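Read the structure below first, then the notes.
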Amino acid sequence: MIERNEGFANLTAGYLFPEVAKRRREYQAAHPEAKIISLGIGNTTEPLTPHIMQAMVDYAKGLGTKEGYSGYGDEQGNTVLRSKIAEKLYPGMASADEVFISDGAKCDIARIQTLFGSKTKIAVQDPAYPVYVDGSVITGAAGKNDGNGYKGVTYLPCTEENGFFPDLSKIGKDTLIYFCSPNNPTGVASTRDQLKKLVDFANDNGCIIIYDSAYYAFIRDNSIPKTIYEIEGARKCAIEINSFSKLAGFTGVRLGWSVVPADIKFADGTPVKQDWNRVATTLFNGASNIVQAGGLACLDDEGMKETKELVDYYLENARLMEKTLKGENFASRNVKVFYTGDSPYLWVKFTGWKSWDIFDLILDKCNVVTTPGSGFGPAGESYLRFSCFGHRADVEEACNRLSKLEF
Ligand SMILES: *Cc1c(COP(=O)(O)O)cnc(C)c1O
């Protein structure tokens, strides 16, 4: 028989979100009357906005006509969309031919693994979005888990003590560094000075940064960079992965992009961009043309206005949750809320509790689903992540229940 891919056998933890869903399902089965509200998974809830929706409807209708029909497009993406992303989001920082359109950031993070192969050393923020490590386990780069984490991975604790920015000196030379800002799950958006340190470290040590900025649209503090390319030197060491998912509610529609500057090179001098182009053309066949029409609409004036309002709606939810979680009921129980106002996530420390225990308690007493911080890495123990994606009425009801929680 065929041997199982060792990478799958090496995966130690089940994926976090299926476990959250399972506990919710089991609770609902045992308590059919419970009206469960989810502040758990980072999934958008509000409808597509009119202008962006209409652009996709029109394009889809056009496909049903002789003049409007098109088959395969360029694997790297619609040229007009690539130009528009470069011009609107990376003026003077990246050119259209460095922008690659994808079916989403997670998919690009998976394909990145094929770009670097199984011998690359990995560093990740701890806690982190699970895909960076789990994807690297599947390809073999992360190695085996010896009980203290995967041997090929350097974990960079991001804690209350270090202001959720890691000690970079732990990272070895020639390492692939996954870095997410605004961060999922901590919600922390790194400052210009911090990102400069990161970029300088990478350039001095032969490292490449995979910079996940899926939440850039949530940044409201103007001093915080919205892209890594605002930092001098980033074009030599950073690949940016991005997405329309959280920007425009495209979690189900599926559209993202990556930026691979021509200046980044492998040890043998080959531009990384050359191989990434190969990955796009060989392992991917382009994003849906209907969806790319929606992406274009996101970036014109009307679309930008709509997406800003959409994100503002979620940020208002976050402020309501912040108020509740910083309220008397929680403060008196030594609960600490970390929230900067630049992300959809509140990172909340329940000192003395294990994450899964406080998760179960809040599910049971409030019928509210959260995400256990420990599922994002060991430094997330005792934390819960609260997500602001939800209808306003549900968020208000969840806040109401939470404010009466006894524990
Ligand atoms: C939601 C999320 C993504 C996934 O984006 P898709 O484009 O929907 O695949 C990527 N990175 C982080 C950190 C996320 O939270």
Side-chain angles (χ1 to χ4, degrees), residues 15-18 20-21 38-46 48 52 77 81 85 89 99-113 124-136 156 158 164 177-190 209-219 226-228 238-259 280 283-284 286-288 291-292 294-295 298 307 310-311 314-315 318 340 342-347 370-373 375-377 380 385-390:
Y15 193 61
L16 170 64
F17 298 110
V20 169
S38 178
L39 304 177
I41 295 178
N43 199 355
T44 48
T45 55
E46 300 313 296
L48 293 176
I52 295 167
L81 180 57
I85 289 176
L89 305 178
V99 175
F100 294 79
I101 309 301
S102 72
D103 51 349
K106 195 197 236 182
C107 322
D108 261 356
I109 292 163
R111 283 186 289 264
I112 285 271
Q113 321 270 353
V124 292
Q125 289 158 296
D126 167 21
Y129 185 55
V131 185
Y132 313 139
V133 169
D134 288 358
S136 311
L156 307 169
C158 296
F164 303 99
I177 306 169
Y178 288 92
F179 199 93
C180 180
S181 176
N183 189 269
N184 179 4
T186 67
V188 172
S190 297
I209 302 162
I210 308 295
Y211 189 76
D212 183 339
S213 53
Y215 296 100
Y216 85 91
F218 286 74
I219 296 174
K226 290 209 168 83
T227 157
I228 190 74
I239 293 173
E240 184 163 299
I241 307 280
N242 218 318
S243 171
F244 287 87
S245 284
K246 318 295 165 40
L247 165 70
F250 273 28
T251 42
V253 174
R254 311 300 308 142
L255 190 67
W257 72 92
S258 58
V259 182
L283 301 179
F284 182 53
S288 152
V291 172
Q292 292 191 81
C298 290
T307 57
L310 186 63
V311 170
Y314 292 125
L315 285 170
T340 60
D342 296 305
S343 94
Y345 300 121
L346 294 94
W347 189 234
T370 58
T371 310
F376 297 99
R385 186 193 75 175
F386 287 77
S387 154
C388 74
F389 295 112

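This one's a predicted model, so the numbers in the text were calculated from it and none came from an experiment. In listed order, ligands and their atoms are each counted from 1.
- In this structure, ligand 1 sits under 4.0 Å from heavy atoms belonging to G104, A105, K106, Y129, Y132, C180, N184, D212, A214, Y215, S243, S245, K246, R254.
- Aromatic ring pairs are classed by plane angle as parallel below 30°, tilted from 30° to 60° and perpendicular above 60°; the pair Y211 and F179 is parallel.
- Rounded to the nearest 0.5 angstrom, T340 OG1 and I219 CD1 are separated by 9.0 Å.
- In this structure, R385 is not positioned above the aromatic face of F376 in the sense of NZ or CZ being under 6.0 Å from the six-membered ring centre and within 45° of the axis.
- When side chains are defined from C-beta on, L81 does not count as touching W257, because their heavy atoms never get closer than 4.5 Å.
- Going from atom OG1 of T307 over to atom CD1 of I52 covers 5.5 Å, rounded to the nearest 0.5 Å.
- The closest donor-acceptor contact from the side chain of S102 to the backbone of D108 lies at 3.5 Å or more, if one exists at all.
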